[in-house]
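Here is the structure we will look at.
In this chain, numbering begins with 1 at the start of the sequence shown.
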Amino acid sequence: MSHNTEWLFVVLVVVQANWAIKIKFTNLQCDEYDKPFANFEKCRLKAIDRHRVALNVTVALHQIPVNNVSLNVQLLKKGNGYRPFMYNNTMDFCQFLKTPSRYMFWKIVFLRMVRPASNINHTCPFDHNIIVQNLILDSSMLDLIPFPADDYMMRFKVGAYNHYKAEVRAFIQIYN
């Protein structure tokens with residue numbers, strides 16, 4: 001095999017490996033800590049087909065407007081339970097919506113995954129229910145942040161006025 005042929009073979013193997021990567025939700029858990037403040041009207045996954053699962057969450061806000069939102073977001077990897085993996089940030093979510101560049105990983109997650117499927121398209125205050133409708137993961141979302149095949153959990157702890165109000169755990173599988 002010539003040097004050029006070997007190079008082409010390596011490129012094809014890498015490209016084929018990237019095409020074969022798939023990502024989907026496997027479970028979703030939502031916990032309310034302050035029901036008089038907000039509650040989950042919907043928290044479910046819907047299977048579209050074997051490799052695509054849609055996430056749907058609706059949060060009814062009962063004390064509006066909400067203009068002070070904090071968010072703790074954490075990425076965990078499965079291995080003898082779920083363990084912290086790479087990212088664990090607490091942020092002023094209102095400030096993040098104004099200038100998301102400070103948290104580059106979460107900026108990519110929010111802008112490429114969450115915002116297109118949600119009504120979270122403005123800065124604070126929030127004076128309406130929060131809706132994430134038919135959020136479907138696809139392998140193109142891993143273009144900027146490649147991850148090895150494994151099981152992951154993204155934990156979102158949402159606070160308002162310095163108290164946590166709810167937690168959402170989205171379980172994700174990346175596989176070939």
Side-chain angles (χ1 to χ4, degrees), residues 14-15 17-31 33 38 40 43-45 51-59 66-126 130-176:
V14 169
V15 168
N18 287 337
W19 283 340
I21 295 285
K22 293 181 178 35
I23 181 171
K24 69 177 181 179
F25 292 109
T26 57
N27 196 5
L28 179 65
Q29 299 171 347
C30 302
D31 293 325
Y33 299 148
F40 288 100
C43 177
R44 70 175 70 114
L45 297 178
H51 300 291
R52 293 184 315 146
V53 176
L55 178 142
N56 295 287
V57 174
T58 301
V59 179
V66 180
N67 54 25
N68 178 315
V69 181
S70 55
L71 182 65
N72 173 261
V73 286
Q74 187 175 16
L75 180 65
L76 300 107
K77 186 175 178 182
K78 190 173 184 180
N80 207 10
Y82 283 91
R83 299 184 180 270
F85 179 73
M86 293 178 68
Y87 300 102
N88 181 2
N89 299 106
T90 301
M91 65 188 81
D92 176 333
F93 190 64
C94 298
Q95 187 63 37
F96 171 78
L97 291 172
K98 290 178 187 173
T99 55
S101 299
R102 183 169 176 205
Y103 301 98
M104 194 53 80
F105 174 77
W106 300 113
K107 174 185 174 182
I108 293 167
V109 168
F110 181 74
L111 294 179
R112 292 191 76 178
M113 295 180 188
V114 178
R115 189 166 76 177
S118 76
N119 66 346
I120 307 171
N121 54 11
H122 59 84
T123 59
C124 298
F126 291 102
I130 305 299
I131 300 169
V132 179
Q133 186 72 35
N134 293 326
L135 191 160
I136 300 172
L137 302 175
D138 68 58
S139 59
S140 69
M141 294 174 172
L142 298 174
D143 290 346
L144 295 175
I145 311 170
F147 281 97
D150 212 332
D151 293 316
Y152 298 89
M153 177 178 53
M154 293 181 92
R155 179 185 299 159
F156 301 87
K157 290 175 71 175
V158 182
Y161 308 107
N162 301 318
H163 292 94
Y164 284 116
K165 306 295 185 182
E167 181 175 325
V168 176
R169 292 176 302 282
F171 297 82
I172 299 168
Q173 183 180 47
I174 300 174
Y175 60 101
N176 292 345

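One distance of note links CE of M113 with CD1 of I172; it measures 6.5 Å at 0.5 Å rounding. To the nearest 0.5 Å, atoms CZ (R102) and OG1 (T99) are separated by 8.5 Å. Atoms CZ and OG1, on F93 and T123 in that order, are 10.5 Å from each other to the nearest 0.5 Å. Taking CD1 from I21 and OG from S140, the interatomic distance works out to 13.0 Å, rounded to the nearest 0.5 Å. Rounded to the nearest 0.5 angstrom, N134 CG and S118 OG are separated by 12.5 Å. Interatomic distance, OG1 of T58 versus CZ of R44, reported as 8.5 Å (0.5 Å rounding).
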Report the C-alpha separation of F147 and L75 in whole Å, then their side-chain angles, then the decisive distance to 0.1 Å, and conclude whether the side-chain contact (heavy atoms from CB on, under 4.5 Å) test is met. CA-CA 12 Å; F147 281 97; L75 180 65; 3.7 Å; yes
Report the C-alpha separation of N88 and N72 in whole Å, then their side-chain angles, then the decisive distance to 0.1 Å, and conclude whether the side-chain contact (heavy atoms from CB on, under 4.5 Å) test is met. CA-CA 7 Å; N88 181 2; N72 173 261; 3.1 Å; yes
Show your working on side-chain contact (heavy atoms from CB on, under 4.5 Å) between M86 and Y152 and close with a plain yes or no. CA-CA 11 Å; M86 293 178 68; Y152 298 89; over 6 Å; no
Y175 and H51: side-chain contact (heavy atoms from CB on, under 4.5 Å), yes or no, with the steps? CA-CA 10 Å; Y175 60 101; H51 300 291; 2.7 Å; yes
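Residues N68 and D92 bring no donor and acceptor atom of their side chains to less than 3.5 Å of each other.
The side-chain heavy atoms of F110 and F96, taken from C-beta on, include a pair separated by under 4.5 Å. Counting heavy atoms from C-beta outward, V158 and V168 have side chains that stay 4.5 Å or more apart. Side-chain contact between I120 and L97 is present, with at least one heavy-atom pair separated by less than 4.5 Å. Between F25 and L137 there is a side-chain heavy-atom pair separated by less than 4.5 Å. Residues K157 and R155 form a side-chain contact, since some pair of their non-hydrogen atoms from C-beta on lies under 4.5 Å apart.
Minimum interatomic distance between W106 and M154 (heavy atoms only, all atoms of both residues): CZ3-CE, 3.1 Å. Heavy atoms only, all atoms of each residue included: N56 and A54 are closest at ND2-O, 3.8 Å. The two residues K165 and A160 come nearest to each other via the heavy atoms CE-O, 3.4 Å. Here the closest non-hydrogen pair linking Y33 and A166 is CD1-N, 3.7 Å. Heavy atoms only, all atoms of each residue included: N67 and C94 are closest at O-SG, 3.8 Å. C124 and V69 get closest at one heavy-atom pair: SG-CG2, 4.3 Å.
Under the side-chain contact (heavy atoms from CB on, under 4.5 Å) test applied with R169, the options D31, L76, L28 reduce to a single match, D31.
Annotation for H122: atom NE2 counts as buried by contact number, over 12 foreign heavy atoms lying within 6.0 Å. For K78, the NZ atom is loosely surrounded, since the number of other residues' heavy atoms within 6.0 Å does not exceed 12.
Ion pairing of R52 with D138 is absent here, as no side-chain N (NZ or NE/NH1/NH2) approaches a carboxylate O to less than 4.0 Å.
At distances below 3.5 Å, not a single donor-acceptor pair connects side-chain atoms of Y164 with backbone N or O atoms of S70.
Aromatic rings of Y82 and F171 (six-membered ring for Trp) have centroids within the 6.0 Å cut-off, being under it.
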